[in-house]
There are 2 protein chains.
Amino acid sequence: MTTAADNGVVTAAVIVIGDEILSGRTKDKNIGYIADHCTAIGIQLREVRIVSDIEDDIVDAVNALRKRYDYVFTTGGIGPTHDDITADSIAKAFDKSIDVDPRAMALLQPYYERRGLEITPGRLRMARIPDGADLIENSISVAPGFMTENVITLAGIPNVMQVMLDAVTPRLRTGKKMQSVSIDLNSPEGAIAGVFGEHQKAYPTVPMGSYPTFRDNKPCTQLVLRSTDPDMLAEAAAGLKAKLTAAGLL
Amino acid sequence: MTTAADNGVVTAAVIVIGDEILSGRTKDKNIGYIADHCTAIGIQLREVRIVSDIEDDIVDAVNALRKRYDYVFTTGGIGPTHDDITADSIAKAFDKSIDVDPRAMALLQPYYERRGLEITPGRLRMARIPDGADLIENSISVAPGFMTENVITLAGIPNVMQVMLDAVTPRLRTGKKMQSVSIDLNSPEGAIAGVFGEHQKAYPTVPMGSYPTFRDNKPCTQLVLRSTDPDMLAEAAAGLKAKLTAAGLL
């Protein structure tokens with residue numbers, strides 16, 4: 001991985017494509033996985049959209065987000081059936097042509113032949129790749145993902161999405177890793193909001209979040225401080241702990 | 001619930017607000033729940049966005065989606081700490097004023113007094129409601145959600161979100177319910193794509209999706225046909241089953 005230039009921050013968005021997520025039939029498992037992966041490798045996930053299997057909606061989301069973030073990951077809609085329209089939608093978003101790609105066919109043909117499967121028009125459909133895109137290896141079921149400029153198109157099936165994400169990761173520019181410190185309190189959020197809000201003002205570059213939880217049926221709070229600068233993060237966390245202790249809240 | 005006028009379709013979007021979802025720290029449980037709920041009551045969920053705790057991002061998402069869909073549900077960011085900026089962002093999106101609301105205070109004050117809790121500025125923050133919004137009851141922790149025209153602002157904590165969603169549901173206009181028929185096949189998607197795609201063309205108003213699964217380590221397929229018209233749905237499903245049977249695929 002190369003390191004990001006400018007401010008050291010690399011950003012991304014995710015577009016989940018699929019009527020089945022919006023109808024509730026399928027519960028998405030990819031957003032949380034990609035979020036964890038991005039945080040781990042030093043990419044800041046800034047936005048997620050879930051859109052239906054409608055070409056205009058996919059094109060609009062891709063074009064809105066690919067200009068705003070360093071990378072856009074899409075999941076879903078690259079299978080062999082008529083409702084799999086992601087590849088064509090990506091081509092349309094970039095105004096590129098799309099056709100059966102010889103590199104993808106070179107992967108798929110021997111895979112089907114070994115299994116005695118006919119190369120149906122549906123299976124050919126999985127070899128349709130936008131012109132100029134790079135392929136992304138699929139070590140589970142062969143049909144590849146692809147990367148069109150900064151848009152990374154992955155499968156929707158979680159285990160296939162995950163091997164594709166691993167395969168493309170070495171090609172991604174990454175930035176400083178966002179680090180975090182958590183502080184668990186036995187007080188409810190309402191009791192600590194004053195001290196906490198004041199401390200945020202003292203460290204505007206260290207985003208601080210407060211998350212209510214319950215322990216033994218009592219409202220508790222987890223505070224999370226985040227920064228790409230470990231020294232600044234340590235200073236902000238130590239300062240907050242001191243203030244909470246002084247106020248009898250830690 | 002009143003019935004939708006015009007074409008009988010009522011649409012919605014969801015905006016999930018929170019850095020903790022985008023960082024991967026918290027895995028969202030609300031999208032799938034709201035999706036199921038919408039499908040059950042006759043509202044079609046068309047789009048979801050997850051945005052960070054940045055006012056401009058929230059305002060932009062609210063203003064983009066509230067004009068496009070009948071309802072917008074937001075989750076998260078209505079607690080007492082400085083990172084809870086949803087109420088102010090909604091007010092800004094609608095260009096409405098926002099202040100501590102006497103109706104919300106009438107709920108919160110006795111709740112705090114009974115528990116001997118001080119009404120801190122943080123707790124007062126949970127009574128800030130955009131001018132003209134209707135309150136949504138919170139039977140778990142009292143601090144209310146609210147409905148600003150067609151935008152429904154709910155808590156992020158799943159069990160609190162769920163009671164608020166139940167509380168607001170009788171106020172929502174609903175449409176024809178989307179019904180579905182599933183057909184399980186022992187064939188992989190690539191084998192059925194031709195028949196399936198042709199059948200979709202014969203019934204353009206019945207969206208048909210294909211979802212790959214694995215049974216006994218063998219690739220299988222679930223087909224799902226959806227329509228708000230039960231007669232049309234039954235006809236399309238029966239026709240598809242006949243074609244699959246004739247092709248030796250069912």
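Here is how names work: the chains are called A, B, and so on, in the same order as the sequence lines, proteins then strands, and each is numbered from 1.
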I need the residue from B:Met126, B:Arg25, B:Glu47 with the largest number of non-hydrogen atom pairs under 4.5 Å to chain A. B:Arg25
Would you check if the side chain of B:Thr86 reaches a backbone N or O of B:Gly77 as a donor-acceptor pair within less than 3.5 Å? yes
Chain B contacts, top residue of A:Gly32, A:Gly122, A:Ser141 (heavy-atom pairs, under 4.5 Å): A:Gly32
Considering only heavy atoms, which portion of A:Leu117 lies under 4.5 Å from any heavy atom of chain B: side chain, backbone, both, or neither? neither
To the closest 0.5 Å, what do you measure between CD (B:Glu20) and OH (A:Tyr211)? 4.0 Å
Which answer fits A:Leu22, side chain, backbone, both or neither, if we ask what part of it has an atom under 4.5 Å from a heavy atom of chain B? both
Among the listed options B:Thr213, B:Asp83, B:Ile50, B:Thr221, the residue most often paired with chain A at heavy-atom distances under 4.5 Å: B:Ile50
Using every non-hydrogen atom in the two residues, find where B:Val9 and B:Thr11 come nearest and quote the distance to one decimal. CG1-CG2, 3.9 Å
Non-hydrogen atoms of chain A under 4.5 Å away: do they reach the side chain of B:Leu124, the backbone, both or neither? neither
Report the C-alpha separation of B:Asp166 and B:Thr169 in whole Å, then their side-chain angles, then the decisive distance to 0.1 Å, and conclude whether the side-chain hydrogen bond (donor to acceptor under 3.5 Å, both in side chains) test is met. CA-CA 5 Å; B:Asp166 284 341; B:Thr169 292; 5.1 Å; no
Report the C-alpha distance between A:Ile34 and A:Thr75 in whole Å, list the side-chain angles of each, state the deciding distance to 0.1 Å, and finish with yes or no for side chain to side chain contact (heavy atoms under 4.5 Å, CB included). CA-CA 10 Å; A:Ile34 297 174; A:Thr75 68; 3.8 Å; yes
Please report the closest heavy-atom contact between B:Pro144 and B:Met164, naming both atoms and the distance. C-CE, 3.8 Å
Per-residue tally against chain B (heavy atom, under 4.5 Å) across A:Lys201, A:His37, A:Glu189 peaks at A:Glu189
From the list B:Lys27, B:Arg49, B:Gln44, B:Arg46, the residue making the most non-hydrogen contacts under 4.5 Å with chain A is B:Arg49
Please classify the contact of A:Arg125 with chain B as side chain, backbone, both or neither, using a heavy-atom distance under 4.5 Å. neither
Measure across B:Thr39 and B:Met178 and return the closest heavy-atom pair with its distance rounded to 0.1 Å. CG2-O, 4.3 Å
For the student: nearest non-hydrogen atoms of B:Ala127 and B:Leu108, plus distance: CB-CD1, 3.8 Å
Sort A:Val224 into side chain, backbone, both or neither according to what part of it lies under 4.5 angstrom from a heavy atom of chain B. side chain
Flag the one option from A:Gly18, A:Pro121, A:Ser210 with the top tally of heavy-atom pairs under 4.5 Å to chain B. A:Ser210
Chain A shares the most heavy-atom pairs under 4.5 Å, among B:Ala191, B:Ser52, B:Ala61, B:Gly194, with B:Ala191
Please classify the contact between A:Thr120 and chain B as side chain, backbone, both or neither, with a heavy-atom cut-off of under 4.5 Å. side chain
